[in-house]
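Worksheet: one structure, shown below.
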Amino acid sequence: MNPLNHVAIIMDGNGRWGLKYKNSRNAGHKAGLSTVEKIIKETIKHKIKFLTLYAFSTENWKRPKKEINYLFNLLEIFLLKRIEDLHKQNIKLKIIGIKNFSTKLNKLLKLAEKKTAKNTRLHINLALNYGSKFELINAFKILSKKKNKVNEKNFVKYLQTKDTPDPDLLIRTGNTNRLSNFLLWQLAYSEIFFEKKLWPAFNKKDYNLIIKKFKKVKRNFGRI
Ligand code: FPP
């Protein structure tokens with residue numbers, strides 16, 4: 001059975017789900033947030049130590065302003081309402097991506113990171129305004145200015161995931177089979193599961209089934 005330390009998720013399909021069932025993409029984002037809560041709970045049950053969630057990519061700025069505002073408002077309300085409880089549950093929240101949102105949201109995110117920094121039960125990386133190519137170029141730039149040897153060990157020090165092991169498992173919901181500029185370096189040896197269900201419809205049974213299948217995969221890491 002494979003150990004499972006880190007799950008990464010591309011939470012895709014909110015918009016389609018919202019349009020289909022509530023005639024509103026934003027309603028899909030709201031429902032998507034409930035799935036986030038359920039999956040966090042289940043991740044803790046499995047004693048998985050790291051969970052990385054792709055919530056907003058650098059490319060998502062191309063969406064209509066109204067949808068972007070709705071998403072960030074949802075995040076603000078979530079943080080205001082839930083951060084104390086996440087802290088009590090010994091959950092650490094870290095943002096990967098560039099925090100260039102409204103002053104209020106930037107402040108809230110920094111506060112949430114600071115408050116939960118020492119927590120140890122589950123480390124959640126929330127990818128917000130995150131793009132893997134940007135992260136890689138940035139790391140190369142920093143490393144090239146240092147006197148350190150260019151090798152993997154020195155390079156990963158400058159990734160935003162420097163304090164996180166690489167994901168063992170990547171799940172992408174929403175019936176789309178691509179990586180969308182997510183953790184391109186870190187996913188080099190991850191097992192990838194593409195799930196047909198849209199994110200708001202994804203439930204603990206689906207998650208548990210993927211985990212069960214993951215545990216049985218023969219992971220070779222290049223060996224035979
Ligand atoms: C992708 O679905 C989802 C997003 C861009 C946003 C993810 C947000 C959530 C899961 C809820 C909010 C979470 C937090 C932490 C505030 P999509 O809109 O691209 O769906 P589509 O492919 O059907 O259009």
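Both counts, for ligands and for their atoms, begin at 1 and track the order of listing.
- Looking from atom 11 (C) of ligand 1 to the surrounding protein, the closest heavy atom is H29 O, 3.5 Å.
- Ion pair D12/R16 flagged as a salt bridge, since at least one NZ, NE, NH1 or NH2 atom sits closer than 4.0 Å to an Asp/Glu carboxylate oxygen.
- Considering backbone and side-chain atoms alike, A55 places every N or O at 3.5 Å or more from each N or O of ligand 1.
- For ligand 1, the polar-atom distance check finds an N/O of R25 within less than 3.5 Å of one of the ligand's N/O atoms.
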Full working for side chain to side chain donor-acceptor pair (under 3.5 Å) between N154 and K157: CA-CA 6 Å; N154 288 331; K157 286 181 202 159; 2.8 Å; yes
Give the intermediate values and the outcome of side chain to side chain contact (heavy atoms under 4.5 Å, CB included) for residues N181 and F134. CA-CA 9 Å; N181 200 14; F134 177 86; over 6 Å; no
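- Proximity of L128 to F101: side-chain heavy atoms (C-beta onward) are separated by under 4.5 Å at one or more points.
- Protein heavy atom in closest approach to atom 15 (C) of ligand 1: L75 CD1, 3.9 Å.
- Residue contacts with ligand 1 for F56 are absent, since no atom lies close enough (heavy atoms, distance under 4.0 Å).
- The pair K45-E42 meets the salt-bridge criterion, since a charged nitrogen lies less than 4.0 angstrom from a carboxylate oxygen.
- Considering NZ of K47 and CG of N5, their distance stands at 13.5 Å, rounded to 0.5 Å.
- Rounding to the nearest 0.5 Å places CG of N69 at 13.5 Å from CZ of R63.
- Distances between N or O atoms of N14 and those of ligand 1 include at least one value under 3.5 Å.
- When the heavy-atom distances from atom 19 (O) of ligand 1 to R16, M11, R63, R82 are ranked, the shortest goes to R63.
- Shown in contact with W199 at under 4.0 Å from a heavy atom are these atoms of ligand 1, numbered in order with element: 10 (C).
- Those atoms of ligand 1 that come under 4.0 Å of a heavy atom in N60, given as number and element, are 5 (C).
- Annotation: atom 22 (O) of ligand 1 to nearest protein heavy atom, D12 OD1, 2.9 Å.
- Proximity of L53 to ligand 1, defined as any heavy-atom pair under 4.0 Å, is not found for any part of the residue.
- The protein non-hydrogen atom at the shortest distance from atom 13 (C) of ligand 1 is L33 CD1, 3.8 Å.
- Just one of Q89, H87, K88 meets the side-chain hydrogen bond (donor to acceptor under 3.5 Å, both in side chains) condition when paired with N119; it is H87.
- An N or O contact shorter than 3.5 Å is missing between L126 and ligand 1 by distance.
- Looking at T120 and N90, their side chains do bring a donor and an acceptor atom within 3.5 Å of each other.
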